[in-house]
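Worksheet: the structure to be examined is printed underneath.
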Amino acid sequence: MNVALIWMFFPAACGAVLLFLQRQQRLVYIVGIVVALSLSLLAWQLPIGEPISLGSAEFVIEDSFTILGRSFVLQSNDRFYLVLLYQGLVFWFGGAALARVNRLFVPLGLGMVALLTASLSVEPFLYAAPLLALTALVSVPLLSQPGKPNRGVLRLISFIFLGFPFILFSGWLLQGLETAPQDASSLLEINVIIGLGFALLLGIFPFHTWISMLLLEGNPFAVAFVLYELPVAVSILGLSFIERYPWLITGELSTVLQFVGVLMVVLGGVWAGFQRHLGRMIGQAVIMETGFSLLAISLLGSNSQQALSLFFTLILPRGLSLGIWGLALSVLQNAMQGENKELPPEQALNYRHVQGIAQRYPVASAALLLAHFSLAGFPLLAGFPVRLALLDALSDESISIGLACLFGLAGLMAGGIRTLAVFISAEGVLAWESLETIPQRLLLVLGAAMLILVGLFPQWFTPFLVQMMAIFPNLSR
Amino acid sequence: MSALLPFASPLLLLLIAGLLAGLAAAQPKFKYHWLVAVLGSIAAWLLAAFALQAAGQSKLALVEWEPVTVYRESPALLMDAFSWPFGLALATLALAVMLTDVARAAEANWSVWSGSLFLIALGMLAVSAGNPLSLALLWAAIDLAEFVILLGTIETKAMRERLVVAFSARVGGVLVLLGADLSAGAGGSPLNLSQVSQDYSIYLLLAAGLRLGVIPLHQPFLREVPVRRSLGTSSRLVSAASSLILLVRTATAGVQSTAAGYLFALACLTAFYAAISWLRSQDELDGRPYWLLGAGSFALAAAVQGQAQAALSWSLALLFSGGLLFLYSGRHTSLRLLVALGLLGFLGLPYTPNATGMQMYRMPIGLGDLVLLLAQALMVVGYLRHGLRLSPPLAGVERWVWAIYPWGLTLLPLVHFGAGWWLLGGARFEFPWQGLAAAALSALWILAARRLALQATWQAPVERLGRDLTGILSLEWLYRALWRLYRPLRNLLDFFSNVVEGEGGVLWALLFLVLFMAILSQLNSGAAP
Amino acid sequence: MIAQEMLVAAAAGLVGVTATALLVLWTWRWRLIVLAAQYVGVFFLVQASWPTSLALTKLIAGWIAVIVLWLASSALPAAGPKKPRRFSQPTWLTADVFPGAVLRFLSSLMVIAAAISILPQATTWLGSQDDLTVFGGLVLVGLGVLHLGMSARPFGICLALLTFSSGFEVLYAVVETSAMVAGLQAAINLGLALAISYMLIEPAEESG
């Protein structure tokens, strides 16, 4: 028994089996949730590399698995990340059942997470890049309908394809530097190559266009899932580089990361302030989230523990908000298309089509707005405490960075306020009715309550998230 | 437990608000909601009245946000000589709302009481906020609660748009507060609300001013939202109180001289506009936004000059005298004395609660002070005009209503005078001539108006002048012009999006990358010695 | 040894021609045939650095990708990959018209010229003695990016990415020999072909 078998091959195999059970959707969802929940529980409880007694039998979960001359290693430090990964999957599968996503969501979701686990564990770590490219390819059916190409998906694949070779090349260069003396020009060369690779993989300006484009045509919930999973995994790959080669995070790289991070936060915010498409609005929020992650990483040079804590603390509010936002948006998109069959999917979420929709879908509208405001750092909501903490830490470096980020957040809030105005824009007294299904209402209300709970009592959740920095023992030391 | 005592009043009100909702849900036939609300309000008032005496100045950590490596501060409450009068005013308002609601039986029910108590409790917590983080959280809670409550009652699309504009101005205030907090943190000394540094006072005034609608002057509700009188009064006064407390706290530090002049001028302009509008309003509810704007401007003018006691005095006048007038729904000649008491609480005559507020005027007196004096006089005239009307009359109600309703109203000036005398030291203040001057100006105005009213030829031009003046001062024209800029800017961004997302998007991205790297390398080479 | 060099030179020439042809040609059948030929060139270029058995994975995976795309394209009702409804009308640059083809041809010549010009630096950077292999890789990468910039439809983008990926594989083979990378690359190329096919083919019946 080894880790790869449990957290990679097993979910992948389950996903493959579920591909053949497409006619029994309920069963597929139940199996998917049970598998994800079991794997998260196992990650929480099962010691890796230590003897486990089961009655008279005793066995050990080996922490590595070797194939084609390379190994996949998962150690005890990685368990918290595995818990988050598979626990998150439970949440996403639960929402998927109500968001009318593609039937392949559960099987491919399991496959994606298996690949993400592989990317976390592969040695040498830079082989994670092609695994992430494969993950992006596996996600294609979730983002696009058969026979109906999504331009955003094509752009995503294009940039991922252009990006991962840079990562592999940078790995080769870094190996060379381990033996050769380091000079300034080769360091700059490596930084540029790594930077380009991650810019393409993460959708950093100017390669960010696919993020908004995905939301035009894809199912918002499925897109939110991919936009949550992929950037986190790519960022962790980036941190692995710094863990292995700590000298990478020099003052210059920190400055570049801060510059790019601020640029993304500000651009995302400004764009959100002028946005007129509800789907694309999520895209702007995701662009800002990437910016915040970069800004958290940029603090590694000054205080690595704080930087990692902030980086991992950002994950929960992001996942929660994106999930609820995506679900609410799916409900509204389905409603719009149900009301007007002629409406092309990319237009269903235009402001002009959702005017006054809060009257008919108050729960979805409210949940959507709360998720939006949460990512914009509105007080009381999940995203607020960590944003404030991050801005505090950044302001210590330079107040202009903190204020620029606040400006970006103000832009996203302005987008939310405009959405709010559109939602309640109807003549006469608002005649409230709730056309969401009962399960939709329940899940959205539960999600909204979670947003407030995390926003008011972050101390209940943050310690767990902070423990994930154990993945990087050198940096968290 | 003893640390909790000074803050027990808002917590009790929250409990009562929840209890009312719970009772309504669990026992639909329950009839004593009002009694529960009144008893709860009385208890809360007693707790609030003795909060400062119970523990003196005290601080309470509500929750500890952990780990401290991530979160620099946690929500906390603070009870001191500034938060206590505000808390007492709001607790009095809660009790007054409950007691006077007996005269508004047709529009009062458990949801109104529960909503009022909930909002007032949030307001009491907000005025006791111990740090900017707590204040931001409570402002947000008040804004959301008020938004939801008002949304359910507004009937027109235009008013809903106004509601959203008001909400966005409030959010702007929250952001400015957070910006001030960040700046202070970056400066190495986190913002302390009990001892504000002058370096950041301008931001805090801006935050409070933005929420009050004073800086820059904006008045989202040109017409008052048609919401139940008691709920509407609670929501507007709570919202104002939660912003005024920041003004008062900031006033202890004052503002650096260069900015002070501009802020003072803005406050004068706003006060004048609000006073004219308050006077021209149909009735006190129609004019309520202008009352808040006007009295808020006076508090700001005092705060800008570092007169904390004057700012506090004006804030309390806004809450008590305003609260009295807005809750005075059933009119009767025998209750006019109460209006007079409310007016006295605002006027600033010697030995009245707002005498301290007259410290707002500078010596030697300048143009701005004259404008403020005129504005104060107009506010007084407006108060009289709206207070002395006798409609709708309080008639046909049961005797017990007569026994309770006046007490609800009396409570406000009574507590105001008490707080004014004991806390503000208004009675011990030197003879403030400005209050008398404002009263004299008011009297002159009334006389002149009566004369002019007899001559029909004057009416139309005066009315037009008032309309034009408020039109110019309201700055609506400026906001319309700014809004016109929005569209071309949006089109530009749309064009850019279309280009980078279009067929040549990949090549554009590569081009941008080259440009971006060129800029970065230029920056680097520029930075290098 | 000389035969090997001639083989590599031929392969470099072949990929230059095929990558240009992929840009200029319009009929999907021809393009896929050219792509299959390109993989032969890629095989010989990689084989210069890697053992033949490992290099063979490139050829096999590439051809399987071609077959997948062929099957997908032939399943379409029209004579070629149809224009999806959400894509704008092709401009003269991207359409099957003579001026566009001439411009694409000239652009590809410029890219090849650029590849020749940076060849010395590239070989030094990669620490390789084999100029021709590096040249082949550079041409594929350059023309792949050019193709990508000029394509808007899934089929064209797929061909562009496969070309770019082939170029990277050739260059990476010069610096690293890894069965794992070879396997992952093969999986990625196949995955791309499958993903694009998924986007091209509309299901026979609505799956509800």
Side-chain angles (χ1 to χ4, degrees), chain A residues 151-152 155 158-159 192 196 199 205-207 209 212-213 252 256 259 270-271 274 276 303 305-306 309-310 313 377-381 384-386 388-389 391-393 395-396 398-399 402-403 406 409-410 413-414 417-418 420-421 424-430 432 456-459 462-463 466, chain B residues 63-67 69-75 133 136-141 144 147 151-157 160-161 163-165 167-168 171-172 174-175 178-179 181-183 185-188 486 489-490 493-494 497 500-501 505-506 508-513 515-517 520 523-524:
Chain A
R151 288 186 306 132
R155 189 67 63 86
S158 301
F159 285 157
V192 168
L196 268 176
F205 180 86
F207 305 113
T209 45
S212 301
M213 290 163 76
E252 273 178 15
V256 171
F259 181 75
V270 169
W271 243 274
F274 288 90
R276 279 175 293 172
N303 184 343
Q305 277 210 354
Q306 186 190 33
S309 305
L310 287 167
T313 308
F378 190 79
L380 297 176
L381 300 173
F384 173 68
V386 64
L388 189 65
L391 263 52
D392 265 335
S395 299
D396 286 347
S398 157
I399 182 62
L403 293 180
L406 197 62
L409 288 173
M413 274 192 211
I417 289 170
R418 288 179 60 234
L420 169 66
I424 59 171
S425 168
E427 282 301 341
V429 183
L430 292 181
W432 300 103
L456 284 177
F457 306 104
Q459 73 275 18
T462 312
V466 168
Chain B
V63 283
E64 287 291 345
W65 283 6
E66 286 174 336
T69 48
V70 176
Y71 304 115
R72 188 171 288 174
E73 43 181 11
S74 299
L133 167 68
L137 285 170
L138 286 156
W139 273 359
L144 281 180
F147 184 89
L151 184 64
T153 56
I154 292 177
E155 292 180 4
T156 66
K157 189 177 168 182
R160 272 193 288 273
E161 278 170 11
L163 182 63
V164 174
V165 173
F167 181 71
S168 54
V171 172
V174 175
L175 287 172
L178 293 175
D181 193 25
L182 288 181
S183 305
Y486 174 84
L489 214 59
R490 191 180 66 191
L493 285 175
D494 281 352
S497 289
V500 295
E501 291 177 9
V506 175
W508 276 110
L510 294 174
L511 179 68
F512 280 126
L513 177 74
L515 280 175
F516 187 59
M517 287 177 75
L520 267 181
L523 284 177
N524 265 348

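So you know, we letter chains A, B, ... as the sequences are listed, proteins then strands, and number each from 1. Just the heavy atoms: all of them, side chains too, but no hydrogens, waters or symmetry mates, feed the values below.
Contact count against chain A (heavy-atom pairs under 4.5 Å) is highest for B:Leu137 among B:Leu510, B:Leu137, B:Leu144. Note: B:Leu178 leads B:Val174, B:Leu138, B:Leu178 in heavy-atom pairs under 4.5 Å with chain A. Heavy-atom pairs under 4.5 Å with chain A peak, among B:Glu161, B:Glu73, B:Arg72, at B:Arg72. When A:Pro463, A:Gly402, A:Pro458 are compared by the number of non-hydrogen pairs under 4.5 Å with chain B, A:Pro458 comes out ahead.
Heavy-atom distances place no part of B:Leu511 under 4.5 Å from chain A, backbone and side chain included. For A:Ala393, the part lying under 4.5 angstrom from a heavy atom of chain B is the backbone only. If you measure heavy-atom distances from B:Val171 to chain A, the contacts under 4.5 Å come from the side chain alone. In this structure, chain B has no heavy atom under 4.5 Å from any part of A:Leu409. For chain A, the nearby part of B:Phe147 is the side chain; its heavy atoms alone come within less than 4.5 Å.
Contact between B:Leu175 and A:Ala410 at its shortest, heavy atoms only, is CD1-CB, 3.4 Å. The nearest pair of heavy atoms linking A:Arg155 to B:Gly505 is NH2-CA, 3.6 Å. Scanning both residues, A:Ser395 and B:Ala186, for their nearest heavy atoms gives O-CB, 3.3 Å. The heavy-atom pair separating A:Ile424 from B:Arg160 by the smallest distance is O-NE, 2.9 Å. Shown here for A:Val466 and B:Pro67, the closest heavy-atom pair between the two residues is CG2-CG, 4.1 Å.
Under the rule for a salt bridge (charged side-chain N to carboxylate O under 4.0 Å, His left out), the partners of B:Glu501 that lie at least two apart in sequence or sit in another chain are A:Arg280. Here A:Arg276 pairs with B:Asp494 under the salt bridge (charged side-chain N to carboxylate O under 4.0 Å, His left out) rule; sequence neighbours left out.
Two residues are said to be in side-chain contact when any heavy atoms from C-beta on lie closer than 4.5 Å; B:Trp139 and A:Pro379 fail this criterion. Taking the side chain as every heavy atom from C-beta outward, B:Tyr71 and A:Thr313 approach each other to under 4.5 Å. For the pair A:Leu403/B:Ser183, a side-chain contact is recorded, criterion being any heavy-atom separation below 4.5 Å from C-beta on.
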Check step by step if side-chain contact (heavy atoms from CB on, under 4.5 Å) holds for A:Asn303 and B:Thr69. CA-CA 10 Å; A:Asn303 184 343; B:Thr69 48; over 6 Å; no

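Of the inter-residue distances, the one linking A:Leu420 atom CG with B:Leu163 atom CG reads 8.0 Å to the nearest 0.5 angstrom.
In this structure, B:Phe512 has its ring center no closer than 6.0 Å to that of A:Phe207.
At a cut-off of 3.5 Å, with distance as the only test, no side-chain donor of B:Trp65 or A:Thr462 sits close to an acceptor on the other residue.
Results of the side-chain contact (heavy atoms from CB on, under 4.5 Å) test with B:Val70 over A:Asp392, A:Leu388, A:Leu310 single out A:Leu310 as the only residue that passes.
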